[in-house]
Protein chains: 2
Amino acid sequence: PEFRADISSVEDLIDENTIGLVGIAGTTEFGQIDPIKELSDLALSKNIFLHVDAAFGGFVIPFLRESYEFDFALPGVTSIAADPHKMGFATIPSGGLLFQDSSYLHRLSVDTPYLTVNSQQTLSGTRSGASAASAYAVFKHLGRAGYERIVQRCMELTYELVARARESGIEPLIDPVTNVLVLDVPDADSVRSVLKTRGWDVSITRDPRALRLVIMPHLTRENLNLFADDLADVVK
Amino acid sequence: PEFRADISSVEDLIDENTIGLVGIAGTTEFGQIDPIKELSDLALSKNIFLHVDAAFGGFVIPFLRESYEFDFALPGVTSIAADPHKMGFATIPSGGLLFQDSSYLHRLSVDTPYLTVNSQQTLSGTRSGASAASAYAVFKHLGRAGYERIVQRCMELTYELVARARESGIEPLIDPVTNVLVLDVPDADSVRSVLKTRGWDVSITRDPRALRLVIMPHLTRENLNLFADDLADVVK
C-alpha cells in the first residue's frame, strides 16, 4: 500500500452532507503526501472545500528536489495549514493557516469592541505574539535557500539510512517522500524495546506496527550511522 | 443603571432553542458582577446550562472583603472561566476553564492516537506548558492569603481614588465592586485626550462614554494621587 488517500474511496464517501475534503501533505506517521491534485479536481467537480493539512509538510515539500502539487497552484485547494513551529524552525506555539480567499478568514471573525482591535480571527484568546515574531524572524534569516539546504540535507540523511537499513535486510514501508522514514522490521514493538535499552527511543506506527524515524536537522551523520549499526545488530 | 444583566430581560429571551445562559462576574468595562444567583435559579428552572465568565473576576471576587455568590456553590452554575494570567498573576496565555462535572470536559475530547496521549481536551494545538506551570507556581507562592492581601490593597486604592474624584465633583458610574473604576466626567473623550498630553493613557467605556481605570497591583498610592491631581485640574 502507498499509505495515502484512495481517491475512489474518497469519492464514494461524498454525499449531500459533505461540505469539504481534507488531504494531508506530509502525514504524521508515514511522511506521505495524499494525491492533492486529484482531491482538488474532485473538490472542484463537487463544488466543496478542500483543506490541505501541511502542518509538517508545509515547510518540507516546497524545498525538496522533487516537486509536488499541494498548494494554491491547484485551484480546488481552499485552505492550507502549515506549522512554522515544526520544520519551519519557529518557536512553539506558532501555527499557520492560509486561505485561498481572504473572505474565508473573515468568516472566523469575532467581534472584540472592548479591545484595541474591533475584531479578531482566531480560536485562541489572550496570547503572546512572540511566536509570530519568531516565525517572521526565521523566515527572514533562513530564506528559501536556507530551508532548501536544511531540508535537502535531511533527505540525504534519510536516504543514507534507508541504504544502511537495506544492508541489514530491512525495507522501508514506502520510499520516503519527506524526512519521515518507516522501517518494516519483524516484531517492531520488541525491536523498539531492545533499541531503548541501547539508548535509542524510537516511535512506532499504529498500523502496521513499524519503526518510525523522523530525520530532523539536528541529527548528525555520525549518530545516524551509530543507530544503523545498533539496528543491524538488534534485527540480526 | 447598574450595568449588569436584568433577570426579567434574560428570562424573556429564553426560548426552546436556548441551551444555556452566560453571566459575567467582573465585567471588562465596569467590573460589575451579574446577578449569578438569580441566573442560577433561572438555569435550574429551565434545565439549561449556566456559564460564568469570571475571566477577570475569578481571581478578584473570592478575595474581596464582601462576599458574592458566583461559583459552583450555586447549583445552577455548570462552568466557569477564570484567567490565571489576569489578576491571578500567572503568565500569558494561561487560561482556566472549570466544570461542575468532569463529564463536560470529556465532551471536548479530541482523539490524538498519533501523540503520546490518546485524547486531549483543548481547543489549542501544540503549545508550551510553561504558562500552566507558572499558574501552579504562583498559586503555591501567593496562596489565598497572598491573593487577599493584593486584592484588598487594590480595592483600598480604588476607594481612595473614588474619594479623590468626588472631591473634584466627579462621580463613579457605579460604586466599584471590583478594582475597575469608571468615572462619569463630562466629554470623556476630550478629557482622555488632555490626560494623554500629561502622560496618562486611560481607556473609555463604550456606552456611556466614561473614563475607565483598572487599579492593578503595580500602581502606587503616590502615582494614584498624582493622577487624581491632574484629573481634578483637567475637569476644573
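Naming convention: chains lettered A, B, ... in sequence-line order (proteins, then strands); numbering from 1 in each chain.
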In terms of heavy-atom proximity below 4.5 Å to chain B, should A:Arg127 be classed as side chain, backbone, both, or neither?
-> both

For atom [atom1] of [X], is the number of surrounding heavy atoms from other residues, nucleotides or ligands below 6.0 Å larger than 12?
X        : atom1 : result
A:Arg107 : CZ    : no
B:Ile19  : CD1   : no
B:Phe49  : CZ    : no

Do you know which of A:Ser94, A:Ala55, A:Pro93 has the most heavy-atom pairs under 4.5 Å to chain B?
-> A:Pro93

Which pair of non-hydrogen atoms, one from A:Ile92 and one from B:Ser128, has the smallest distance, and what is that distance?
-> CG2-N, 3.5 Å

Of the backbone (N, CA, C, O) and the side chain (C-beta and beyond), which part of B:Thr28 lies under 4.5 Å from a heavy atom of chain A, both, or neither?
-> side chain

